[in-house]
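Everything on this sheet refers to the single structure shown next.
Not measured: the values here are computed from a predicted model.
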Amino acid sequence: MTGLYIFIALIVVALIGWGIAELKSRTITFGHSEAEKEEAELIHKEQEERGFKEQNLKDLLAHNSTKGYNAVD
């Protein structure tokens, strides 16, 4: 019977922790500062000037090497 009580206590503690985490995530909002937004714009403009293009999954898989140790040779 002691094992059952421990299991129930574990479930209760997990549910309380989950509830606290949910409440915390709904009350705290995150936003970037103006300095971070300006820096991100600057980096984006520099990447556009250099011809940087973000790859999609198809591009990544086309250039992926999954040869394992044979890739080292």
Determine, using the 4.5 Å side-chain heavy-atom cutoff (strictly less than), whether F52 and L60 are members of one ILVMFWY cluster.
no
Share the residues that join L61 in a hydrophobic cluster, the rule being Ile, Leu, Val, Met, Phe, Trp or Tyr side chains under 4.5 Å apart at the heavy-atom level.
L57
Among E46, K45, E39, side-chain contact (heavy atoms from CB on, under 4.5 Å) partner for L42
E46
Are V12 and I6 connected into the same hydrophobic cluster when the rule is that any two of I, L, V, M, F, W, Y join if their side-chain heavy atoms are below 4.5 Å apart?
no
With sequence neighbours left out, the residues meeting side chain to side chain donor-acceptor pair (under 3.5 Å) with E34 are none
Short N-O contact, E22 and R26, less than 4.0 angstrom:
yes
Could you check K53 against D59 for side chain to side chain contact (heavy atoms under 4.5 Å, CB included), going step by step and ending with a plain yes or no?
CA-CA 11 Å; K53 181 183 173 233; D59 296 333; 3.8 Å; yes
Are the side chain of E41 and the backbone of E38 linked by a donor-acceptor contact shorter than 3.5 Å?
no
Give, for atom CG of L23 and atom CD1 of I28, the distance between the pair rounded to the nearest 0.5 Å.
10.5 Å
For the residue pair K37 and H32, what are the closest heavy atoms and their distance?
CE-O, 3.5 Å
Between I8 and I11, does the side chain to side chain contact (heavy atoms under 4.5 Å, CB included) criterion hold? Intermediate values first, please.
CA-CA 5 Å; I8 292 172; I11 298 297; 5.7 Å; no
